[in-house]
Structures are given as structure tokens and as C-alpha cells.
Amino acid sequence: MIELTINGQQQRLDAEGDTPLLWVLRDDLGMTGTKYGCGVAQCGACSVLVDGTVMRSCVTPLEAVAGRQITTIEAVEKDPVGSRVVEAWVKHQVAQCGYCQSGQVMAATSLLKQSAHPKDDEIEAAMTNLCRCGTYNAIKAAVRDVASQGGKA
Amino acid sequence: MNQMVKLPEVPLGDPVNVSRRGFITGAATGALVLGFGLPVGEARAQGAAKIAPGTRVPAFLEIRPDNSIRLLSPFMEGGQGIWTAMAQIVGEELDADPSSFTVENAPAGPDYLVVFGQMRITGGSFSVRSSYDTMRKLGASGRAMLLQAGAKKLGVPLAELTTEPGRVLHKASGRSATYGELAPHALDLPAPAPAQITLRDPKTFRWIGKRQARLDIRAKSTGKAQFSIDTKVDGMLHAAVQHAPRLGLLVGKVTNEAEIKAMKGVHSVHVLDGALAVVAPRYWHARRAVEAAKVEWVASTAPTYRPMPADFSTEAFAKQLATTQGKEEVAEAAGDMAAAFASAKVTLSATYNSQYLNHAQLEPPSATARFNGDGTLDLWLPNQAPEMFQAEAAKVAGIAPEKVKIHSPLLGGFFGRHFIYPHGTPYPQAIELARRIGAPVKLIWSREEEFLRDPLRPMAAVRFRAALDAKGLPTAIEAVSITEGPTEGIADKRGPKLDDSALEGITGKKYAIPNKRIAQIFVKSPTTLAYWRSVGNSMNDFFYETFLDEVADKGGQDPYALRLHLLEGNARLTNLLKAVVDLAGGWKPGPFTAPDGSKRARGLGMASPFGTETAAMAEVSIVDGQVKVHDVWQAVDPGSIVNPAIIEAQVNSAVALGLSQVLVEQAVYKDGLREARNFDGYSVLRPDMMPRVHVRIVESGAPMGGIGEPGLPAVPPAVANAVSRLLGKRMRKMPLGQIA
Ligand code: FES
Ligand code: FES
């Protein structure tokens, strides 16, 4: 049994410690908003927040996040920064097929939680998830939009 | 792919209201209609001969009491925005705000064969243009039915009624009824006669042609969108496979089978055709076990589909194509080539190469299969052609097609990946596993197994020759492509005619060059082949447009001026080319020094893919031996349009894929084995490689063309031409890769 907190809820999971968090989320907990794209930390489709920082859950063993706070796309709008990111994604009509977008939203939320007004080079350094539909310019516009919003993010 | 959809135009039938035939009784909600969950068998029995696709309002629309509207889209949504386009088109004529629509992919069935009333695929950038009139008429039929119901309910003559979005209005008395209120009454009314169906004057369009927000955006921004890989059904087990390293090999024996079976969570181990499968209650257990299996693969003694040779190497194959001589089958010819070359002032020749490409859609393929007690089979899978998958799945399962129910969730990327490709999709394995274990099975191909079986965009070598006159203008161009087209490759058989999808893009060029000869030498590809976004055009416009720049160089011509000259008298393309130059602030080929000190150049490319005309310009520099693309400008003329915002997004997307191809992408084989089987070795365009993209839409009023694919083909040549100019050295193969 491994205990962790996912989206504010305590979960006790009967899975081996080396199981990637991704498959626990998707299959054991039915949270399929987090996506599988490569399984080797290359694409970012599986991005979640661990204690507020983005991690690629396909290579994150369950035991490594025992006792930590995990946020998935299902709860992203409960986070004030996350909800602004989602609104920016809607405003800029970012998604095409949408498959990468859970991960993109999580990566952007992580960045903007850490740095309320990131500069372009910070955005470029943080937003490395692949999008085969090529929504990169819309992603950048949406992140810049939130980054330019006043006050503390 | 164009040829798949070149069908004779057939007259579309008049609308009929099926609900009158007692097809389905009124939904509990009192919905207008009904055709949802229409048993396929019944539909066939009743209508195979009678149903004119796209005419039965009930098969497409449900209007709920709260005035929200559910639309079943005959075309699959995979990012191209077709759901929103369908809602705009139907909503315009129904007189209902597209934002009140929820849209889903329609199941298999004769109602949805709306591509010229004969068939259905989502591909060839064909959805809107092939169904535009049909879907408008469908919306108008719905409106006519609601008007009739309104006349009855309000007790006034039909002629005195009009509609406003979502309601029928009697202006004289100010009384009205919402569509939601009228829907249950509209149900039993006769289908409107064709004369009653009036289409709006396009000048009065409120939604067609406007920047309508996508209907699927919020769900896709919050993880709620459902893809095939997210399918969950009661009692389902998970499966993972290990494919034979080379297609055509079979499982000889599993040397550690007992160990695999004893691994935690394993339900069962199965030998399939060319693959080993493990089934488990959890995917991760299935995956881990199947990857741990040590399989001895053996050659099949029976003939198999396109077996991969043990010595196959892409590098050697590219060289072989470039030098292969053989029967040249002519696709296009004009003038007198011999005379043109005999009288030429200068001639030149060059050989170009392209690479194999993966689709690399971000959602790995999956299929969920469930046999039901009544002998039917439910199948959830990504697909671009439900009826085709229904027919094929029926063969695999050994049941009648009407017993197969196809579910089509959102596609996590399209790019041509989801047609029927032998050995290229997981559903036959899922069906077989579900049958063997007697429980529903969801099979996911890992990225590695996907890259091993994903059929590829063909590779080609093209040998060009050109003759130039004393002024340096081309008088003749010859192109001989040594390749196998995707259509003939998938069929594994040559057709009676040349495969259009092999040569499109070196054929169909609009330049006025009096003598030409475009031919194919067929060489079978050792790999499996597929359609890839923009199909033959994806590489052929690269070949032709870069060679055209080479011709310009040789003749001392400016590539922009030469194109304008060769397009003289073609107002549409002249305008388009000028439009892209205008968009870019003028023609400035370079090399020049940019404000940041980098040395840059610009290049042009044009293409005529899928009924749309395109012209692109790219600005490049070289950074650390890699091509850096700073800006891409593209003007597209699809004739007329439905949603400019989605067009801009699609052009951005196509630019990204075109750049990915010309800069970094290639599928490599050595000794019959696939080299990179994940994104760590198979490069695709990364965010830091994405340039600014500037789009101008030109509506010439020509017949409507496609949008999903046309933004791609002009981009690779624009980039390669810019790089060639910058370096003073011609670029003749994709990907450009590391620049020496
Ligand atoms: S699935 Fe985790 S990074 Fe691709
Ligand atoms: S929207 Fe399709 S992969 Fe990003």
C-alpha cells in the first residue's frame, strides 16, 4: 500500500512502488485526462504537478511520490493559476486534436506558479512538451497572456 | 488520396423524415429525433436502397427541450475543427447558433455516406467541400420541419412564420415557440418537399465564413476530451504486444514463457500473427511482461504481406532509387521534349531525395473490443472511415458487418494514420484477444510498437532535367520519380492506371512551360506505406519547387520574377503569389543581415493541393549548423471558406509538420530493423523550432478546396530554397539535417 494525495484527496494504492504514476492515475484511479504519448519522458503528454512543480508521470515511480501532493489536469481549475491558464487556452483557441493539451496546461501552470511574469526565454525553457499538431504559437500566446496579467500570479 | 475520393457526382436525394416510419419511438426527452443508436441492421434493411445519405434529419440532429442541439458529425474530429464547421453549416440553415451545438462523431451507417452521397472517409481535406451542400440542405430541412410544427402549434399559416436563432416566430402576433418546444411535434410531420427547402443567400450568413470559436476547446483544455485510449468498459482487461522486429516474422517460441506467465498481474499470454500479447487486469503489468518476453522469431513459410527483408537499409535504398533505370510510365506530357532539348541554350539535371516518415500522432493507437451476448461486437478505435473498419472488423471477427458497432472517439492526431492499413492497426489483435479470453480487451500499442508498425510516407528519388532558352527561361521540364505510391502500396498491387498519390505535386503544376514529361518508375518499397498529411504533395512540391529555383539560378532569373512570368495569364495564382510577397513586406531574397546580426535569406514555394492554391515564403538563418526558420508567410486560396480562425490554425499546424519534415524527420532502417522507435531517436519539430507564422486567406470564389492538408506542401521548398540561397549551394534532399 502506498499513500499519496491526489487532487487534495488521500489515496491508498495497492500497486508496486515502481509502477509509473501515469498508469496508476489512468487505470487505477480512472483519471484519463493525463495522457500517454511516449513513456520515456520525451513528449510531456503525461505532465502532472508534484508539490506544484511539473513532472512527467510516465517516468515517475509511485514510490517516489509517496506522501507528496499531486495535481492532475482534472483539478487544475481549482488552482487559481491553473484556472487562468485554462481560460487563456480557451481564449487563444489553443487545442487542435487536444491530445497533448493536458500536459501543456500543466506545464504552463507549473511555470506560472513559479514565475508570475516569465520572459520569453523562460517560457521557451519551460514549455518543451511536444505537440504534433503544431499549436506552439498559440501555446506561447496563451502563456504570454497569463504572464502579462497584473498582480501576483 | 485524391483518387480515393474522385467519385462521379451523383444527385443527392430529397430529404425524408424517417421518424414517420416508426423507426424509433420518441425519445424520453421529446427530442426532435431519433436516429441515434439506430440499429444498423434495421437501417440497412429499410434503407439500403432508399436512404439518400445526408437527408434524414433525424439521423443527424437531436433538439432538446432546453434548445440545445446534438449533431452527429459524419466526419471525424481529429483537431481539424470539423465539428465546429459542421455546426456552423447546419446551424446557419437551421437557424440555430452553432455555440448551442454539441457534436459527436457519427456511428457507421448509410446515412453518413455524404461524400458525394456514396461513401465516407475523413481525409483528402475533403469533408467540408464534399458535403457542404448536403449539410446545408440538412439544416434547411430541419428548419422547414420546425416551421411546419410551429404553424400547427401557433395555429397560423406557415407563410406567416419566420425563424430567429432557436425559435419559430409569428411576427404579426409576436408569438413564438422555441425549437426545443416544437421538436416533439416536428417529429411526426412529413419530410419537407424539396421546394420547401430554401437555402439562405450567402450574403446573409451569420456563422458561415465567421471566426466561430471551436466547440471542443474547453474539454480539450481540461482533460475531459475522450480519446480511444481512454475507453473503459465493464470487465475489461488490458493487453500489450511485442511485435516481430521485422514484418513477416512469426513467433517461434517464447523461451521464458513460464516466467512471463508467473509475472505479477499476468492473466494470459497469447501468440498472435506476428506478435506476442500479454493480457492483464492492469496495462502496466501486461506491458512489463510482454516486454520481458524473450521471443525467437521465425520466418513464415507462407507468403505474407510485404515482408521486411533482413538486409534492408534506408540509406542504401535511397541510393538505389536515385540510380534505378526502368520502365518510365508517363503521367503527364506536353510538347516535344526532344526538340526542346535539341534547341536548348542550356540544360541542367539534378536528382532529389525524400525520406520515410512516421505519422507520429501523439496518441498511440489502441482498440477496445467487446463481444456481446447477442453475437454483436462493439469496437472503440481511432478511425477515419467507420464503414470501412466495420466491414474489415466483421471479416476478422467472422460475423456480419451489421453486427459490428463502431465507436469513434476523438482522434489524438490524424495525419492519415487512421485508415485501414494491413498489420498497421491494433483492432484485429484486440478482436482476437477478446474472442480468446471471453472478456472485453483494451489493447494499447506502446510508442515503440507503434513506430515498428506505423506504415510510412513513401520515399522517392526524382530525376529532373530542364531545357532553357537564350533568355534563361525554361522551355522544358522532365521529372521521373522512382517510387511506389501510397495507394498502390497499401493495396500491395498496382492499379490499372498510375497511382495519382505517387506523383501529385510534380504533376498538376500550373506553370506555363510548353514542353513537359512527368513519369514514374515503379520500385516497390520494402516497408509498408500510408497516406501522410498532404499525401504525394507532401514531398512532390518540395522536389518540383526547389528544382524550379535551381532552374532560375541556372538561367540567371530571380525565382519570384520567374514564377510570375510562368504564371502570366493565371490571375488566381498571380494574385496569390503577390499576396504572400505583400504579406511578407516585399520580396527580399537575400542573403541579408538581420537586425540581430544573423545572416538570412528567404525562399518561395507554391502548391496546388486538394483543390486549394497556396504560396509560402520562409526566412532562414543557420545557427550551430542547424537551419533556423524565423518566419513563414503563407497565402492560401481555398476558393471560399467556412471559418477563418480554424483555417489560420490549420495553416499553422501544416507549417509545423512541413517544417518537421524538411528540417529533422526521417524513419531509418538498418539490417531490416527500425532504428529509432520513440521520440528520443525520431525527431519531430520541437517548440523552440517553431517560427512565427503569418497567414493570409484569399477567397477567389473558385470551387471550394480543402484546408486540413494544403498548408503543408509549399513550406518545405520555401525553406530549402531559402537555405540554398543563403549557402549558395542547392539543397536536394529532406531532411536538411546538419548543415556542413
Ligand atoms: S508520456 Fe511521459 S513524457 Fe511522453
Ligand atoms: S493538439 Fe494535437 S498534439 Fe497538440
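A, B, ... follow the sequence lines: proteins, then strands. Residue 1 opens every chain.
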Selection from A:Val85, A:Thr135, A:Leu22, A:Asp28 maximising heavy-atom pairs under 4.5 Å formed with chain B: A:Asp28
message: Looking only at heavy atoms and a cut-off of under 4.5 Å, which of B:Lys224, B:His238, B:Gln80 has the most pairs with chain A?
response: B:His238
Heavy-atom side-chain proximity of A:Asn7 to A:Ile70 below 4.5 angstrom: no
query: Most heavy-atom pairs under 4.5 angstrom with chain A, which of B:Gln361, B:Gln226, B:Arg287?
result: B:Arg287
- line: Under 4.5 Å to a heavy atom of chain B? For A:Cys38 that would be both
- prompt: For B:Pro281, is it the side chain, the backbone, both or neither that has a heavy atom under 4.5 Å from a heavy atom of chain A?
  reply: neither
Pairwise side-chain contact, B:Val662 with B:Val715, heavy-atom cut-off 4.5 Å (strictly under): no
- request: Among A:Thr19, A:Val105, A:Thr34, single out the residue with the greatest number of heavy-atom pairs under 4.5 Å to chain B.
  value: A:Thr19
task: Check each of A:Ile139, A:Asp145, A:Asn137, A:Val143 against A:His92 using the side chain to side chain contact (heavy atoms under 4.5 Å, CB included) test, and report the only one that passes.
output: A:Asp145
task: Measure the acute angle between the ring planes of A:Tyr99 and B:Phe227, then classify it against the limits of 30° and 60° as parallel, tilted or perpendicular.
output: perpendicular
- line: Ranking A:Glu74, A:Arg132, A:Lys140 by heavy-atom pairs under 4.5 Å to chain B gives rank one to A:Arg132
query: Checking heavy atoms, do the side chain of B:Trp445, its backbone, both or neither come under 4.5 Å from chain A?
result: backbone
- prompt: Which region of A:Gln96, side chain (C-beta onward) or backbone (N, CA, C, O), has a non-hydrogen atom less than 4.5 Å from a non-hydrogen atom of chain B, or is it both or neither?
  reply: both
message: Testing the basics here: between B:Gly223 and A:Ser102, what is the closest heavy-atom pair and its distance to 0.1 Å?
response: CA-OG, 3.5 Å
message: Other residues, nucleotides and ligands only: do more than 12 of their heavy atoms fall within 6.0 Å of CD on A:Gln9?
response: no
query: Between B:Asn678 and chain A, which part of the residue has a heavy atom less than 4.5 Å away: side chain, backbone, both or neither?
result: side chain
message: Which atoms of B:Glu450 are under 4.5 Å from chain A, going by heavy atoms: the side chain, the backbone, both sets, or neither?
response: neither
message: With no hydrogens and no angle check, just 3.5 Å: does a side-chain donor-acceptor pair link B:Asn105 and B:Trp83?
response: yes
- prompt: Taking every heavy-atom pair that is under 4.5 Å apart, which of A:Glu77, A:Glu124, A:Gln93 has the most such pairs with chain B?
  reply: A:Gln93
field: Per-residue contact mode, B:His359 against chain A (heavy atom under 4.5 angstrom)
entry: backbone
field: 4.5 Å side-chain heavy-atom contact, A:Leu25 and A:Thr72
entry: yes
- prompt: For chain A, which of B:Ala649, B:Ser653, B:Ala656 has the most heavy-atom pairs under 4.5 Å?
  reply: B:Ser653
message: Out of the candidates B:Arg447, B:Arg417, B:Arg674, only one should pair with B:Asp454 under the side chain to side chain donor-acceptor pair (under 3.5 Å) rule; please name it.
response: B:Arg417
task: Go through the side-chain N and O atoms of B:Arg677 and B:Asn358 and say whether any donor and acceptor fall under 3.5 Å apart.
output: no
message: At a 4.5 Å cut-off on heavy atoms, which part of A:Ala15 comes close to chain B: side chain, backbone, both, or neither?
response: both
- request: Would you check if B:Glu449 and B:Val290 make a side-chain contact, meaning some heavy-atom pair closer than 4.5 Å?
  value: no
- request: For each of B:Ala360, B:Ser446, B:Gly265, B:Ala654, tally heavy-atom pairs with chain A at distances under 4.5 Å, and name the one with the top tally.
  value: B:Ala360
query: Between B:Phe414 and chain A, which part of the residue has a heavy atom less than 4.5 Å away: side chain, backbone, both or neither?
result: neither
query: Near A:Asp121 CG, under 6.0 Å, is it more than 12 heavy atoms from other residues, nucleotides or ligands?
result: yes
statement: Interface check, chain A: of B:Leu657, B:Asp216, B:Leu659, B:Ile646, most non-hydrogen pairs under 4.5 Å belong to B:Leu657
message: Does the plane of the ring in B:Trp633 sit parallel, tilted or perpendicular to the ring in B:His694? Use 30° and 60° as the thresholds.
response: parallel
query: Using 30° and 60° as the class limits, which term best fits the ring planes of B:Trp380 and B:His407: parallel, tilted or perpendicular?
result: parallel
statement: The interface call for B:Ala213 against chain A, heavy-atom contacts under 4.5 Å, is both
field: Interface residue of largest heavy-atom contact number with chain B, from A:Cys97, A:Gly30, A:Gly134, A:Gly33, under 4.5 Å
entry: A:Cys97
- request: Using non-hydrogen atoms and a 4.5 Å limit, figure out which bit of A:Val90 sits close to chain B: side chain, backbone, both or neither.
  value: both
query: Which region of B:Arg533, side chain (C-beta onward) or backbone (N, CA, C, O), has a non-hydrogen atom less than 4.5 Å from a non-hydrogen atom of chain A, or is it both or neither?
result: neither
query: Side chain, backbone, both or neither: which part of B:Ser660 has an atom under 4.5 Å from a heavy atom of chain A?
result: side chain
query: Where does A:Val24 contact chain B at under 4.5 Å (heavy atoms): side chain, backbone, both or neither?
result: neither
task: Could you have a look at B:Ala225, B:Pro364, B:Ala645, B:Gly413 and say which one has the most heavy-atom pairs with chain A under 4.5 angstrom?
output: B:Pro364
Structural part of B:Glu363 lying under 4.5 Å from a heavy atom of chain A: both
task: Please name the pair of heavy atoms, one in A:Met127 and one in A:Gln104, separated by the smallest distance, quoted to 0.1 Å.
output: CE-O, 3.6 Å
